[in-house]
Amino acid sequence: MSPTTTGTAPEETRRAASARTPAAGAPGPADQLTTAAPPANASARPDAPRSGRLSGALRRLPHLLLHAAAKSAAVLALLVLWETAPRLGLVDRTFLPPFTEVARAWWELAGDGRLLDNTRASLARSFSGFGLAVLIAVPLGLLIGWYRPVAELLNPLLEVFRNTAALALLPVFVLLLGIGETSKISIVVYACTWPILLNTISAVRNVDPTLLKLARSMDLSAPRLFQKVILPSSVPVMFTGIRLAGAVSILVLVAAEMIGAKAGLGYLINASQFNFAIPQMYAGIVTISVIGVAFNQLLVTVERRLSSWRIPLAG
């Protein structure tokens, strides 16, 4: 064997051993297997936030139940008083029957379809008039509130009509438009227009002047100024008028349906009174109250959605 071969063999052996031995700090095969292997509880990790939310909801459940009980305590007290007062002889049960009798009458009306038919007729008229009032009053209120010449031109006319009650004009609507659907929807439009219009005008005129100055300093055009400053700032006050109009649309319609209507909750209440079906009359009144509360909550939800930028983040 030559000296060269003898000298190079140990060197090649050392190089091969160093290639098989990982350097200090470098991951070896065992480390690579450990790194590549998923942890034993990896499948449970996606469920951890869900379980955390569930446990948080369970912890908040007693507080939510207590809050709901506190909000409904007054209503429950009224129902208890309504049930016990006629039975104890505090009021004449002929004219104010117990609540259980009213609930039974409501169930009978719902069962034979009369309640559903009359409610559908009233909601169609009420929502039609309310929607038309919003479409008319909101743009007109923005125009009057923003442009002073338009306000000066229309203010005398607005003052005349805003102080004229809608029910006082009901005979006029019936004489001009008949006793059909047109007169009923028109009286609802008239009654709903004024709360929306006046609150929209007030909302535009009371926009924070500092916001307007900042927007004008950024050279915003008139459409962008309306979109970015006027409309967002006007939403809360504007929706106050819209919610008032939602209640007015139902109340005025009930009065209008008592004149010449053949369907609707107002017609149901009036016919029940004439037939001395007192529990059915109160069932119609309760239905109107429930519809009003539900409609108001719907408008509150829409308002919160549109003005969510005004609500501070939790935490």
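Index from 1, following the sequence. Here the structure is a predicted model, which is why all the values come from computation and not from measurement.
Taken from CD in E257 to NZ in K184, the straight-line distance is 7.5 Å, to the nearest 0.5 Å. Taking OG1 of T193 as the start and CG of L140 as the end, the distance is 9.0 Å to the nearest 0.5 Å. Here the NZ atom belonging to K262 is positioned 14.0 Å from the CG atom belonging to N118, to the nearest 0.5 angstrom. Taking CD1 of I187 as the start and OG1 of T182 as the end, the distance is 13.0 Å to the nearest 0.5 Å. For the atom pair T287 OG1 and L116 CG, the distance stands at 11.0 Å (nearest 0.5 Å).
In summary, R104 and E108 do not engage in a salt bridge, as defined by a charged side-chain N under 4.0 Å from a carboxylate O.
Other members of the hydrophobic cluster containing I185, listed by chain and number, are L132, I136, V189; membership follows side-chain contacts under 4.5 Å among ILVMFWY residues, whether direct or relayed.
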Less than 3.5 Å apart, which donor and acceptor atoms pair up between the side chains of residues 234-241 and the rest of the protein, not counting sequence neighbours?
residue: S234; atom: OG; partner: I230; partner atom: O; Å: 2.7
residue: T240; atom: OG1; partner: P236; partner atom: O; Å: 3.1

Could you give the side-chain donor-acceptor pairs of residues 243-256 under 3.5 Å, partners two or more places apart or in another chain?
residue: R243; atom: NE; partner: N296; partner atom: OD1; Å: 3.2
residue: S249; atom: OG; partner: S126; partner atom: OG; Å: 3.1
residue: S249; atom: OG; partner: G246; partner atom: O; Å: 2.7

Output side-chain donor-acceptor pairs under 3.5 Å for residues 263-280, partner residues at least two apart or in another chain, one line each.
residue: N270; atom: ND2; partner: M258; partner atom: O; Å: 3.4
residue: S272; atom: OG; partner: L268; partner atom: O; Å: 2.7
residue: N275; atom: ND2; partner: A271; partner atom: O; Å: 3.1

Tabulate below the donor-acceptor pairs under 3.5 Å that side-chain atoms of residues 170-179 make, not counting sequence neighbours, or state none.
none

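Of all heavy-atom pairs between V102 and A283, the closest is CG1-N, 3.7 Å. The two residues G180 and S183 make their nearest non-hydrogen contact at O-OG, 3.1 Å. Nearest heavy-atom pair, L115 versus T119, reported as atom, atom and distance to 0.1 Å: O-OG1, 2.7 Å.
The stretch residues 137-163 participates, sequence neighbours left out, in these ring pair (Phe, Tyr, Trp, His ring centres under 6.0 Å) pairs: W146-F226. Evaluation of the ring pair (Phe, Tyr, Trp, His ring centres under 6.0 Å) test over residues 91-111, restricted to residues two or more places apart or in two chains, returns W82-F99.
No donor-acceptor pair under 3.5 Å is formed between the side chain of S202 and the backbone N or O of L198.
Every side-chain hydrogen bond (donor to acceptor under 3.5 Å, both in side chains) that D117 has, sequence neighbours left out, goes to R120. Every residue two or more places apart in sequence or in another chain that forms a side-chain hydrogen bond (donor to acceptor under 3.5 Å, both in side chains) with E101 is listed here: R93. Remark: D92 engages no residue in a salt bridge (Lys or Arg N to Asp or Glu O under 4.0 Å) (not counting sequence neighbours). Partners of T200 by side-chain hydrogen bond (donor to acceptor under 3.5 Å, both in side chains), not counting sequence neighbours: none found. In this view, S289 satisfies the side-chain hydrogen bond (donor to acceptor under 3.5 Å, both in side chains) rule with no residue, not counting sequence neighbours.
Within the 4.5 Å cutoff, no side-chain heavy atoms of V302 are placed close to those of Q297. By the 4.5 Å heavy-atom criterion applied to side chains, W194 and T164 are not counted as neighbours. The shortest distance between side-chain heavy atoms of L158 and N155 falls below 4.5 Å.
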